[in-house]
Amino acid sequence: MTTVQPEAVTLAATLSRETLRFMYERMALIRAFEERVKALMEAGTPFGVAHFYVGEEAVAVGVCAALRPDDWIASTHRGHGHCIAKGVDVRPMMAELYGKATGTNRGKGGSMHITDVRVGMLGVNPIVGAGAPHAVGAALSAKRRGTDQVAVSFFGDGAANIGAVHESMNLAAVWNVPCIFVCENNGYAQSTPTEYSTAGEIWRRAAGYGLPGELVDGQDVFAVYDAAVRAVDRARSGGGPMLIEARTYRYYGHSYGDDPHRYRLEEEERDALSRDCLARFRAQVVGSGQLSEETLAEIDARVAAGIDEAVAFAEAGAMPAPEEVATQVFA
Amino acid sequence: MALQTSAATTTTGAAAPPAATGRAPELTFSAAINQAIREEMRRDPTIVVIGEDVAGAAGRAHLGLVDAWGGPTRSTRGLVLEFGPERVLDTPISEMGFLGAALGAAMSGLRPIVDLGFVDLIGCCYDQLVNQAAKMHYMMGGQVTIPLTVRMSYGARPPTGQTVGGGAAAQHSQTLYAVLAHVPGLKVVAPTTAYNAKGLLIAAIRDDNPVVILEHRYLGPRARGAVPDEPYTLPLGKADVVRPGRDITLCGIGRMTHVCVEAAERLAAHGLEAEVVDVLSLAPLDVATILESVQHTKRLVVVDEDTPTCSVAHTIAARVADEGFDLLDAPIKTLNSVDAPVPYSAALEAEYTPTPDKVIVAVHSIFGM
């Protein structure tokens, strides 16, 4: 049974229909994109390594709904959701997975490196924690150039224990740059549970850097959005960094082909599914009368058509020419 | 004296002096680096300097304490006075953090110059150099450029004649550049004079790729030469023939170029004319200039301060053997330091690096002397 927290109801009631539609469409698009990628892989399409974000959509979308197009994000290895939430076109994203020259990265990066700097997406980054300093650098750049852009570093519970993330939080605090740290705690680093790998609670670590830290329900897009808006306002007005820990859950394994039942129980999965971010969103906005079932169905249909179009675009594209193996090593 | 090599002594286009508009006072290598950064920062407001103690006494201006350090080689001294702490950014000791931040800034509109201090510290930020900076342009399909310069000092002390004492030992004396030159996507240069230090650094700053500038710890305060006042660039990826000769090619990297020049002068006293090629750019490697030299000398000795296994010297030897075997009248010789960590004791450190004596022995062996 889907439960809705009273605070989230209050916040949701203040949001415009445009914001609600944005949230639903982006969350649905992430899920549809990944379900299609997964189905294609199961059907034998030889994609390379891919990590699925299904279940965690509310985090990327809740944060990116609080950002402007010219703000920056730095992503993780599980990056499809961040890309779509920030506005990367799913057609070249899909083409990238096919290894096509029409992909976001001309087929040179694949799922683990999707980037589109035109929409402020600094890169999916499969070296755990390595994107965090890039977000600090983008925030430094904004401050130095006198813009009011902010940067967001998404990182996982696994990355919460790597030096790059801690160096980044310290550096961002010392330099007082507009960088927001968003930890997506999905409970597992590959097969290692967070409670084994992580001493204390991640959001409380902010205090060690003199920063505000907040724990939010990552399955509730309104709760994530609420925290993100406050973090972004604070950063944009020169107040400095903030850490948000969003507790979430990945429905599938670490990467395609991984069977999560080797390290977690079905009971736990059922509990997570009962808090599904899309189901909760639907129940809430329909219940409050803010969006109708028909509107949501229209969005679902548009999303499905968009994914069909992405696959068609990807399949129609050419593979890179052989000589591209050694082009673009240098600018 | 080899350390005084300057624009006036170079012989090829690679290091031809710029259109002189006037003054070219004599500067040290470190002062030339300082001047290059200063002139570029005046020209381009997106340039920032990032590193540990690049200014010094960070945050203490209100106590009247500023500009206390100037980087590990003092080559950023005074910059904070002209450009302020917003552009000369002292950092905590977190190489991975600030190198990664510089990379993020380079992707989003700045042109950072990072002072890593010591090449020995690449271990603390190797991921950001190797997996991130070097690969971004390629991996992202060309949609970003990485205008990032990373300066680092390297090298052991030359033999000092000391009979007691020691140097900086195994973790602050290395010449670890082969592990950088090995990585596609990084440009790696090792200037040898005050003149080419300024020209190559300015070229690195203006380049839209990550460029590593290696500055020998011994040359910084000691190598002196005429340096034109105005900004100028020298091409990245180009070697320089610094001494013409007909009998043998001595190919030097970094401080070893000075060792080669000294050996060549001593060999000349005995009638053997060695041509000295200053490699300057380890990546990309200018094999063409080396082959051109070997074409008329027919003999090659490569001198490299890095440890031998997988070294740039060995790569040069392999490339010349691959592409110019028929030019050679004798086997190629390579001289490196020792496959051992850099020792502390002056007695051991003196044994560690190639010297003019060792170069002369290698040349004699080629001529059967």
Side-chain angles (χ1 to χ4, degrees), chain A residues 72 74 92 96 101 103-110 112-118 120 122-123 125-127 129-145 147 149 151 153 162-172 174-175 177 179 320 324 326-331, chain B residues 45-48 50 58-59 85-87 89-112 124-125 127-128 130-148 184-187 207-211 236-237 283-284:
Chain A
W72 298 99
E96 188 62 27
T104 48
N105 303 32
R106 299 194 56 79
K108 285 177 165 169
M112 291 195 290
H113 300 292
I114 295 170
T115 303
D116 189 346
V117 291
R118 294 167 307 177
L122 285 172
N125 201 320
I127 302 291
H134 305 164
V136 176
L140 173 70
S141 175
K143 185 177 177 183
R144 167 72 205 118
R145 290 179 296 107
T147 75
Q149 292 161 291
S153 162
I162 201 166
V165 167
H166 289 275
E167 292 190 20
S168 295
M169 285 198 270
N170 183 59
L171 200 52
V174 165
W175 282 346
V177 293
C179 186
E324 287 213 37
T327 61
Q328 296 167 328
V329 176
F330 292 110
Chain B
T46 68
I47 295 172
V48 294
I50 297 174
E86 300 79 21
R87 293 185 67 193
L89 289 135
D90 281 322
T91 67
I93 299 174
S94 47
E95 288 80 8
M96 184 160 41
F98 69 73
L99 189 67
L103 171 54
M107 291 169 75
S108 59
L110 296 187
R111 194 169 280 274
C124 302
C125 54
D127 174 63
Q128 290 295 337
V130 169
N131 280 322
Q132 311 295 333
K135 294 177 172 58
M136 288 297 189
H137 183 68
Y138 183 93
M139 193 165 71
M140 295 177 173
Q143 63 176 292
V144 294
T145 55
I146 310 295
L148 172 67
L186 291 182
K187 295 185 180 180
D207 199 272
D208 281 339
N209 297 285
V211 184
L236 302 170

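Naming: A, B, ... by sequence-line order, numbering from 1 per chain.
- Between the A:Arg144 side chain and the B:Gly109 main chain, no donor and acceptor come within less than 3.5 Å of each other.
- For B:Lys187, the parts lying under 4.5 angstrom from a heavy atom of chain A are both the backbone and the side chain.
- In terms of heavy-atom pairs under 4.5 angstrom with chain B, the leader among A:Val177, A:Val174, A:Asp116, A:Ile114 is A:Asp116.
- If you measure heavy-atom distances from A:Glu324 to chain B, the contacts under 4.5 Å come from the backbone alone.
- A donor-acceptor distance shorter than 3.5 angstrom exists from the side chain of A:Ser141 to the backbone of B:Ser108, with no hydrogens or angles considered.
- If you take NZ on B:Lys135 and NZ on A:Lys108, they are separated by 14.0 Å, rounding to the nearest 0.5 Å.
- Looking at B:Asp208, both its backbone and its side chain come within 4.5 Å of chain A, counting heavy atoms on both sides.
- Contacts between A:Asn125 and chain B at a heavy-atom distance below 4.5 Å involve the side chain alone, from C-beta outward.
- At least one side-chain heavy atom of B:Gln128 sits less than 4.5 Å from a side-chain heavy atom of A:His134.
- Checked by atom type and distance alone, the side chain of B:Gln143 pairs as donor or acceptor with a backbone atom of A:Thr104 at under 3.5 Å.
- A 4.5 Å side-chain heavy-atom check between B:Leu236 and A:Phe330 finds every atom pair outside the cut-off.
- Side-chain atoms of A:Leu171 and B:Pro92, non-hydrogen and from C-beta on, do get closer than 4.5 Å to each other.
- Heavy atoms of B:Ile93 lying under 4.5 Å from chain A are absent altogether.
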